[in-house]
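Below, each value reflects all heavy atoms present in this structure, side chains not excepted, and no hydrogens, waters or symmetry copies. The chains referred to below are lettered A, B, ... by the order of the sequence lines, with proteins before strands, and numbering in each begins at 1.
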Number of protein chains: 2
Amino acid sequence: MDARILIVDDEPDLLELLSMSLEQAGFTVFTAQSGAEALASVRTDRPDLVLLDVMLGDVSGVTIAGKLKNTPETAQLPVIMLTAKDSETDMVVGLSVGADDYITKPFSSAVLVARIEAVLRRVNGPVAQRLSAGSVKVDPASRRVVAAGKEIELVGGEYKILVALIEAGGDILTRQQLKDMLGEKARGEQMRIVDVYIASLRKKLGNCRSVIKTVHGHGYRIEK
Amino acid sequence: MDARILIVDDEPDLLELLSMSLEQAGFTVFTAQSGAEALASVRTDRPDLVLLDVMLGDVSGVTIAGKLKNTPETAQLPVIMLTAKDSETDMVVGLSVGADDYITKPFSSAVLVARIEAVLRRVNGPVAQRLSAGSVKVDPASRRVVAAGKEIELVGGEYKILVALIEAGGDILTRQQLKDMLGEKARGEQMRIVDVYIASLRKKLGNCRSVIKTVHGHGYRIEK
DNA sequence: AATGTTTGTTAATGATTTGTTAAGTTTTTG
DNA sequence: CAAAAACTTAACAAATCATTAACAAACATT
């Protein structure tokens with residue numbers, strides 16, 4: 001377990017303490033002392049999990065968590081909130097904005113590590129639920145798609161074809177195979193429906209359109 | 001793909017339906033209507049994957065999944081869970097006990113088969129058997145060709161001829177044999193089409209052009 | 001070396017496949 | 001039930017491919 005953890009706290013002492021504990025546990029640690037720093041670090045350091053103190057100087061931890069969860073690119077980023085006392089309101093608010101867990105101070109380093117590992121296990125899961133191809137990312141659970149950092153809206157057919165191609169992992173899928181993905185009813189008889197979806201999919205993918213490769217005479221595949 | 005699938009569901013109708021779908025897709029299917037049956041089948045039938053409904057009469061599917069994952073002999077056995085309508089808790093719980101994927105009802109048979117194959121592919125690891133001749137490598141599944149570390153794009157005819165030559169393993173193939181590879185229809189009457197493809201193939205192969213040897217008066221062969 | 005045959009190469013063509021847009025259908029939604 | 005959205009078909013444009021033709025180079029035989 002060598003995940004990257006961002007710790008956000010405005011107390012330097014606590015930051016140092018947490019930092020040392022987690023580094024000793026084998027994590028790569030980044031730190032931020034303000035909400036602005038935190039958001040910057042998320043973008044540049046790409047942590048796997050954020051440890052967020054509810055009490056911050058400039059912005060409340062809740063606000064940051066809310067921002068992270070409302071931004072498609074970071075909505076999947078696990079957040080664990082640190083609450084001061086066992087304030088139930090903090091806890092409720094924290095979870096309501098989408099935090100994945102909360103820990104009340106004081107806590108032992110062992111507990112902290114255990115909770116982090118539990119969250120990472122739950123999020124990364126036994127199966128990689130986040131599908132991706134290049135900078136195109138798909139979250140099957142929420143059915144959301146992000147291309148080059150921007151969320152795009154796909155209709156059913158487009159989505160099914162994209163997922164099928166990504167799951168194929170670069171292997172070619174024929175028009176017949178792709179059409180089968182569109183639904184059992186197989187209402188249409190022709191294959192061209194696949195081309196039409198590919199076209200609209202590429203249009204929506206914008207700069208990422210190149211992740212879908214045409215294999216002349218055979219079908220389509222994902223270019224990793 | 002002729003894997004063995006165990007389907008566990010307490011609804012006979014659904015069991016029958018799934019069974020037929022998967023058999024038609026080429027799988028060998030076993031069925032169980034209870035947790036006890038399921039565990040027995042795992043021992044005796046040795047399935048390659050278990051399809052497990054979360055809702056069962058006697059024991060929850062989650063319990064069975066947990067048992068399978070906690071038993072060393074079956075811990076590696078892939079499990080896909082069938083959850084009723086988008087119940088997120090089912091999903092989270094299912095994944096937390098170690099299921100490899102989950103599918104929410106209702107789902108199409110095409111999706112089911114695709115997910116099963118995806119899981120099997122992931123578990124068994126990539127089985128992409130590659131063709132190669134010297135530093136020229138061909139991946140039939142994606143139809144990609146790499147020469148001296150650089151990917152090159154081949155059109156249909158070039159690709160077919162290259163594959164035919166590599167599969168011949170150094171044996172000479174005549175123009176007639178190579179032309180037969182180009183298509184059943186044998187649209188063209190002349191042999192020269194083969195020469196033309198050989199020429200463009202060599203050009204694209206660049207430094208690797210020497211892997212294709214001309215055998216004057218006979219045909220072509222691969223130089224390993 | 002001279003000659004006829006086989007092979008290498010390039011460019012041009014017509015055929016096929018794919019891209020794209022728009023217009024008709026069906027399905028979903030309010 | 002009507003409007004909106006999604007699905008499907010159709011039609012044409014663009015791209016790509018297969019094939020032929022023509023000529024140059026290499027080879028084999030004398």
Side-chain angles (χ1 to χ4, degrees), chain A residues 143 145 152-165 172-206 208-223, chain B residues 85 106 108 110 143-145 152-165 172-223:
Chain A
R143 203 187 163 286
V145 179
I152 58 178
E153 304 223 342
L154 301 184
V155 301
E158 295 160 355
Y159 179 81
K160 286 174 190 163
I161 282 183
L162 177 61
V163 168
L165 285 172
I172 296 173
L173 293 181
T174 64
R175 285 190 172 67
Q176 181 63 61
Q177 288 174 306
L178 289 171
K179 180 167 164 295
D180 289 346
M181 296 297 177
L182 294 178
E184 281 305 276
K185 312 185 181 166
R187 289 185 291 227
E189 288 305 309
Q190 302 190 6
M191 293 296 119
R192 296 309 303 278
I193 180 66
V194 174
D195 299 50
V196 174
Y197 277 129
I198 290 279
S200 58
L201 194 46
R202 281 175 171 157
K203 184 182 262 181
K204 290 182 180 179
L205 286 173
C208 299
R209 61 162 42 219
S210 57
V211 299
I212 299 180
K213 263 235 163 198
T214 303
V215 185
H216 194 101
H218 293 82
Y220 299 92
R221 69 176 172 79
I222 284 288
E223 176 81 13
Chain B
K85 245 176 114 165
S108 74
R143 212 170 163 285
R144 284 189 302 188
V145 179
I152 58 178
E153 305 222 344
L154 302 185
V155 301
E158 295 161 356
Y159 179 83
K160 287 173 188 161
I161 283 184
L162 176 60
V163 168
L165 286 172
I172 297 175
L173 292 181
T174 65
R175 285 189 172 65
Q176 182 61 60
Q177 289 174 307
L178 288 171
K179 179 167 167 295
D180 290 344
M181 298 293 179
L182 293 179
E184 296 302 292
K185 309 175 185 173
R187 288 189 286 232
E189 291 303 311
Q190 303 189 9
M191 292 297 119
R192 297 309 305 279
I193 179 67
V194 174
D195 299 52
V196 173
Y197 278 132
I198 291 280
S200 58
L201 194 46
R202 281 174 170 157
K203 182 185 260 181
K204 290 181 181 179
L205 286 172
N207 292 336
C208 299
R209 61 161 46 221
S210 56
V211 298
I212 299 180
K213 281 272 184 191
T214 303
V215 185
H216 197 99
H218 294 85
Y220 300 92
R221 68 175 174 79
I222 282 288
E223 175 82 11

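Taking CD1 of B:Ile161 as the reference point, atom CG of B:Leu182 lies at 4.5 Å (rounded to 0.5 Å). Atoms CG and CG, on B:Asp180 and B:Leu173 in that order, are 10.5 Å from each other to the nearest 0.5 Å. The distance from the CG atom of B:Leu201 to the NZ atom of B:Lys203 is 12.0 Å, given to the nearest 0.5 Å.
Contact annotation: A:Thr214 reaches the phosphate of C:dG19 (side-chain N/O to OP1 or OP2, under 4.0 Å).
In this structure, A:Arg192 places its CZ atom 11 Å from P of C:dT17, rounding to the nearest Å. B:Leu154 places its CG atom 15 Å from the C1' atom of D:dA18, with the value rounded to the nearest Å. Distance, A:Glu158 CD to D:dA5 C1': 12 Å, rounded to whole Å. The nearest whole Å value for the distance from the CE atom in A:Met191 to the P atom in D:dT8 is 11 Å. Spacing between atom CD1 of B:Ile161 and atom C1' of C:dT7 amounts to 14 Å, rounded to whole angstrom units. Summarising the geometry, the separation between NE2 on B:His218 and P on D:dA26 is reported as 22 Å, rounded to the nearest angstrom. Nucleotide C:dT20 holds its P atom 15 Å from the NZ atom of A:Lys204, rounded to whole Å. The interatomic distance linking A:Arg209 (CZ) with C:dT18 (C1') rounds to 13 Å, in whole Å.
Counting only heavy atoms from C-beta on, B:Gln190 has its side chain closest to D:dA21 among D:dA18, D:dA21, C:dT18. In the set C:dG8, C:dT9, D:dA10, C:dG8 carries the atom at the smallest distance from any side-chain atom of B:Arg175. Closest to the side chain of A:Lys203, out of C:dT21, D:dA28, D:dT16, is C:dT21. Listed candidates were D:dT8, C:dT6, D:dA10. Nearest to the side chain of A:Ile193 is D:dT8.
With respect to A:Tyr220, the side chain to side chain donor-acceptor pair (under 3.5 Å) criterion is satisfied by exactly one of A:Lys213, A:Gln177, A:Arg175: A:Arg175. Screening A:Val155, A:Leu178, A:Leu162 against A:Tyr197 for a side-chain contact (heavy atoms from CB on, under 4.5 Å) leaves a single residue, A:Val155.
Among the protein residues, A:Tyr220 comes within range of the sugar-phosphate backbone only, with heavy atoms under 4.0 Å from sugar or phosphate atoms but none that close to a base.
Between B:Glu153 and B:Glu158 the shortest heavy-atom distance is O-OE1, 4.3 Å.
Residues from residues 194-202 of chain B placing a heavy atom under 4.0 Å of any atom in DNA chain D, listed by number, are B:Val196, B:Tyr197.
A salt bridge links B:Arg221 and B:Glu223; the closest N-O separation between the charged side-chain nitrogens and carboxylate oxygens is under 4.0 Å.
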